[in-house]
Amino acid sequence: MNRHEGQMKRRPDGGDTAQLGKAGSEAAHAVRHVDTVDVGSLRAGFSPRLDGVSARHARLLVELADEVPPIVVQRSSLRVVDGMHRLRAARARGDRQIPVVYFDGSDVDAFVAAVQLNVEHGLPLTTRDRLAAAERILASHPQWSDRRIASVCGVAAKTVAALRRRSTDESHHLNIRIGRDGRRHPVSVEEGRRLAEEIVRREPGVSLREMARRSGISVGTAFDVRRKTLGEARAPATEAAAAGPSPEMRGSSSTDRLPATVQDLKAVIRPQLARLIEDPSLRYTDHGKALLRLLSATLAFISQSANAAETVPAHCHEPLRAVAQACAGGWHQFSEMLSE
């Protein structure tokens with residue numbers, strides 16, 4: 001490893017070139033090994049600095065030849081993505097060559113990377129630079145969410161939202177936007193539900209996950225839209241259990257029937273819950289632990305439900321029954337999502 005490759009870890013100018021990977025996730029480029037190119041072959045290209053190179057800052061870097069990291073250059077054009085001040089300093093020293101890492105991506109992606117890298121290290125961008133960059137990225141990536149563009153440019157999401165509202169370009173007002181997580185999200189839940197309804201009417205057999213992905217809503221919301229659109233008004237099986245087991249259910253040992261008593265319910269739940277508790281994918285993740293707590297609380301309530309029913313005042317019976325049936329319906333909806 002040469003000295004420049006070693007400097008890829010920490011940067012003396014206040015940044016971290018390992019974060020090129022983060023910029024790459026935004027701009028879809030790959031960081032390669034450190035190479036060396038002729039200083040004269042490089043040219044300016046993607047700087048977000050409206051006032052150009054600061055001569056004062058370049059002079060400060062002249063004495064740091066052995067400390068500054070490689071510059072970032074678009075491979076196809078040899079235009080500088082990040083490092084114009086370092087290039088100016090190298091020319092001032094009379095260097096004939098300079099270390100670089102290559103950026104593989106389009107011009108619009110190169111500008112995104114340039115903005116993010118300049119926000120993260122070195123000479124700070126001015127407010128004017130950041131706003132101009134946000135406007136330019138909004139024009140080139142209108143499908144990105146306000147928060148995603150804001151995170152690249154180092155501005156507030158509400159600032160990007162204001163720029164979008166003022167824009168007369170219809171492409172800036174898309175109903176589905178791509179967030180920082182790379183997923184599609186509707187601007188409003190209502191719009192997402194409308195898109196999901198259109199999908200399920202055209203394709204009644206579409207899966208909930210596919211419906212949710214294409215309309216930018218949650219799987220739970222997709223389930224609700226499909227149920228209402230297709231008239232799926234099936235009563236949850238657990239509502240029947242709340243009303244009391246039928247004689248045929250009590251006398252049946254079939255596994256597809258509901259357990260007839262609280263003891264039977266516990267006998268079904270406990271071994272399954274024990275298996276889930278031992279599963280590392282649930283046991284050691286925040287979402288998994290939250291789900292296990294809910295399941296354990298449900299089992300604990302079932303164990304005490306008879307005593308609870310006896311002690312509840314009569315005037316509370318109807319509202320509690322409504323709440324219990326709604327909760328049972330929610331668990332049934334959850335089971336339907338899992339079956340998808």
Side-chain angles (χ1 to χ4, degrees), residues 142-143 145 170-171 173-179 181-250 252-260 264-265 268-269 272-273 275-276 279 281-282 285 287-288 290-295 297-299 301-302 305 318-340:
Q143 73 278 17
S145 70
E170 288 299 319
S171 68
H173 303 278
L174 301 174
N175 292 318
I176 299 292
R177 296 180 192 160
I178 301 173
D181 57 2
R183 299 175 61 184
R184 293 157 54 88
H185 300 276
V187 175
S188 69
V189 175
E190 291 75 17
E191 179 62 21
R193 292 179 70 96
R194 186 188 65 76
L195 291 173
E197 184 177 338
E198 290 178 2
I199 291 170
V200 78
R201 287 189 187 282
R202 290 195 309 267
E203 309 168 48
V206 67
S207 72
L208 288 178
R209 290 189 183 279
E210 178 65 12
M211 235 175 95
R213 184 189 68 79
R214 286 161 57 182
S215 58
I217 58 178
S218 69
V219 174
T221 303
F223 176 87
D224 186 59
V225 170
R226 187 178 70 176
R227 179 178 60 81
K228 291 179 178 178
T229 304
L230 299 181
E232 296 176 358
R234 296 172 295 176
T238 39
E239 283 188 34
S246 64
E248 61 269 25
M249 287 175 66
R250 290 181 181 275
S252 173
S253 60
S254 174
T255 56
D256 63 350
R257 297 195 181 276
L258 288 174
D264 290 341
L265 281 168
V268 171
I269 295 173
Q272 300 296 339
L273 182 56
R275 287 178 57 192
L276 293 172
D279 191 312
S281 63
L282 296 179
T285 62
H287 291 302
L291 179 58
L292 291 174
R293 285 194 293 270
L294 285 172
L295 293 170
T298 300
L299 177 60
F301 174 75
I302 289 173
S305 59
E318 279 308 307
L320 270 175
R321 185 171 180 275
V323 170
Q325 289 186 347
C327 290
W331 278 111
H332 176 71
Q333 179 175 325
F334 180 65
S335 72
E336 289 287 303
M337 293 179 208
L338 295 178
S339 71
E340 287 287 340

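As the structure is a prediction and not an experimental result, all values here were calculated from the model. All residue numbers refer to positions in the sequence shown, counting from 1.
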At what distance, to the nearest 0.5 angstrom, does [atom1] of [X] lie from [atom2] of [Y]?
| X | Y | atom1 | atom2 | answer |
| --- | --- | --- | --- | --- |
| Thr229 | Asp224 | OG1 | CG | 8.5 Å |
| Ile269 | Leu276 | CD1 | CG | 11.0 Å |
| Leu294 | Phe334 | CG | CZ | 9.0 Å |

Show the nearest heavy-atom pair for residues [X] and [Y], with the distance to one decimal.
| X | Y | value |
| --- | --- | --- |
| Val200 | Val206 | CA-CG1, 4.5 Å |
| Ala222 | Met211 | O-CE, 3.3 Å |
| Thr298 | Trp331 | OG1-CZ2, 3.5 Å |
| Lys228 | Arg193 | NZ-NH2, 3.9 Å |

- Between Glu197 and Arg201, is there a salt bridge with N-O shorter than 4.0 Å? yes

- Message: Taking atom CZ as the centre, does Arg275 end up with more than 12 heavy-atom neighbours from other residues, nucleotides or ligands that are less than 6.0 angstrom away?
- Response: no

